[in-house]
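Below is one structure; the comments refer to it alone.
A note on names: the letters A, B, ... follow the listed sequences, proteins ahead of strands, and every chain is numbered from 1.
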Number of protein chains: 2
Amino acid sequence: MEDLNTEDKIVNAAEAEFIERGYSGARMQAIADKAGINKALLHYYFRSKEKLFEVIFKLAIKMLIPKFIGIITSPETDFFDKIRYFVKEYITVVMKNPHIPGFIIHELNSNNSSLINVISDLNLNLSPVYKMIQEEIDEGRIKPIRPENLILNIVSMSIFPIEASPIIKAIFFKGNQKQYLELIEQRKEEVAEFIINSIRIK
Amino acid sequence: MEDLNTEDKIVNAAEAEFIERGYSGARMQAIADKAGINKALLHYYFRSKEKLFEVIFKLAIKMLIPKFIGIITSPETDFFDKIRYFVKEYITVVMKNPHIPGFIIHELNSNNSSLINVISDLNLNLSPVYKMIQEEIDEGRIKPIRPENLILNIVSMSIFPIEASPIIKAIFFKGNQKQYLELIEQRKEEVAEFIINSIRIK
DNA sequence: GTCTATAAGGTGATAGAC
DNA sequence: GTCTATCACCTTATAGAC
């Protein structure tokens with residue numbers, strides 16, 4: 001961390017602060033402290049809290065959303081293996097950034113501005129994924145399902161239990177962290193089987 | 001709204017403000033304005049922003065979490081009908097309060113305090129649900145599955161697509177609200193069938 | 001590029017009249 | 001119970017020395 005240039009130190013510190021506390025809860029002083037520099041330097045590099053936030057928000061989006069396409073167009077040839085691979089990798093990625101989904105959702109819901117454009121600007125093309133699913137249906141390998149619903153189901157089951165970890169932990173395990181981690185580890189396999197069981201045609 | 005007493009007017013206004021902007025983003029002035037009263041009155045009734053927030057947070061929790069148990073112990077006798085009933089009702093409830101899941105999760109993640117106790121204090125007893133699931137497994141009507149995983153899958157697929165609506169809307173429908181609402185309406189039936197297809201033993 | 005000092009405005013909270 | 005006026009503090013942002 002110490003051998004980073006100042007700009008990168010700021011970005012790292014801001015990432016931690018914004019993602020933990022959200023835009024309105026984040027403090028420029030806290031970011032400066034975490035980066036080990038002076039508050040005035042933040043404005044020298046990024047001009048305002050808002051500008052700095054935008055940089056971090058884009059970073060957060062890029063950490064989770066495009067990965068989604070990247071993993072789905074994986075080397076696996078079998079459709080069910082693709083699902084297995086996706087679920088395992090995506091849960092792993094989200095577990096490394098557990099606060100990012102909640103951060104993105106909260107900012108999109110509370111911020112009246114044009115943050116949503118950050119997502120549109122990704123120009124995510126789902127056509128190959130839709131096509132892949134439709135092919136499986138047409139060739140009688142999986143039951144008919146609207147592609148959007150299949151994707152949503154997979155993503156929901158992968159993200160939500162991690163995003164909502166404090167609640168899950170409290171309700172299922174009285175706050176026990178170890179039991180929670182075991183559950184998520186298990187889900188890397190079981191969620192995929194749950195999905196495959198649902199759509200497979202015997 | 002005008003014929004409510006002052007305290008209720010404040011609670012309603014605070015609910016809207018806190019759930020939309022979160023604790024740190026909410027403004028006491030905005031709450032007073034929405035309630036049509038003076039800022040000083042907020043402190044007369046609730047002493048501080050923090051106290052008022054606690055009231056709202058507890059309200060938000062009660063709107064979503066216990067409902068979960070209430071619906072599951074529904075009058076339906078058939079297990080699959082229970083699932084159908086739960087998914088339909090829960091998606092409907094969440095759609096009426098679409099910002100609450102994100103609000104709860106954000107506050108639990110960013111607030112270092114003891115908000116989590118609000119959930120523990122509910123003393124949610126899942127044993128009847130676990131037992132119900134285990135019975136279905138023992139009697140060979142559904143495939144073996146860890147009850148926690150089944151519950152998590154159902155809840156994830158019911159909540160996440162609503163909680164993350166701005167992203168879903170943007171990615172799937174270029175922001176089109178009507179198409180999004182149709183999708184969610186459809187999911188009230190389809191999510192249940194997706195689950196039942198996965199666990200049913202033919 | 002990096003710092004200290006300070007400006008400028010906002011925010012929760014209270015005092016005190018009615 | 002409800003209001004106006006005001007305090008005390010915090011936060012972003014900038015000026016200016018080095």
Angle between ring planes, B/F194 versus A/F194, binned at 30° and 60°: parallel, tilted or perpendicular?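 Taking A/F194 first and then B/F194, their aromatic rings sit tilted (interplane angle of 30° to 60°).
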
On the 0 to 90° scale, with breaks at 30° and 60°, tag the A/Y130-B/F172 ring pair as parallel, tilted or perpendicular.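 Tilted, since the angle between the ring planes falls between 30° and 60°.
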
Where is the tightest heavy-atom contact between A/I19 and A/H99, given as atom of each residue plus distance?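 Shortest heavy-atom separation between A/I19 and A/H99 comes out as CG2-CB, 3.6 Å.
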
If you only use heavy atoms from C-beta on, which nucleotide in C/dA13, C/dG1, C/dT4 is closest to the side chain of A/N38?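 Selected nucleotide (nearest to the side chain): C/dT4.
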
From the list D/dA13, C/dA13, C/dT2, which nucleotide is the closest neighbour of the side chain of A/S48?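 Given the options D/dA13, C/dA13, C/dT2, the side chain of A/S48 is closest to D/dA13.
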
Roughly, in whole Å, what's the span from [atom1] in [X] to [atom2] in [N]?
X	N	atom1	atom2	value
A/K39	D/dT12	NZ	P	7 Å
A/F46	C/dT2	CZ	P	12 Å
B/L41	D/dT2	CG	P	5 Å
B/M28	D/dC10	CE	P	17 Å
B/R47	C/dG12	CZ	P	16 Å

Side-chain N,O (A/Y44) to OP1/OP2 (C/dC3) below 4.0 Å: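 For A/Y44, the contact criterion (side-chain N or O under 4.0 Å from OP1 or OP2 of C/dC3) is not met.
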
Look at the side-chain N and O atoms of A/H43 and state whether any lies under 4.0 Å from the OP1 or OP2 oxygen of D/dT14.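 The answer is no; no side-chain N or O of A/H43 sits under 4.0 Å from OP1 or OP2.
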
DNA chain D: 5'-proximal contact among A/A40 and A/R27 (nearest heavy atom):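 It is A/R27, whose closest nucleotide lies nearer the 5' terminus.
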
On the six-membered ring of B/Y90, is B/K67 placed so that its NZ or CZ lies under 6.0 angstrom from the centre and within 45° of the ring axis?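 Checked: cation-pi criterion not met.
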
Which part of the nucleic acid does A/A26 contact within heavy-atom distance under 4.0 Å: base, sugar-phosphate only, or nothing?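 Sugar-phosphate only.
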
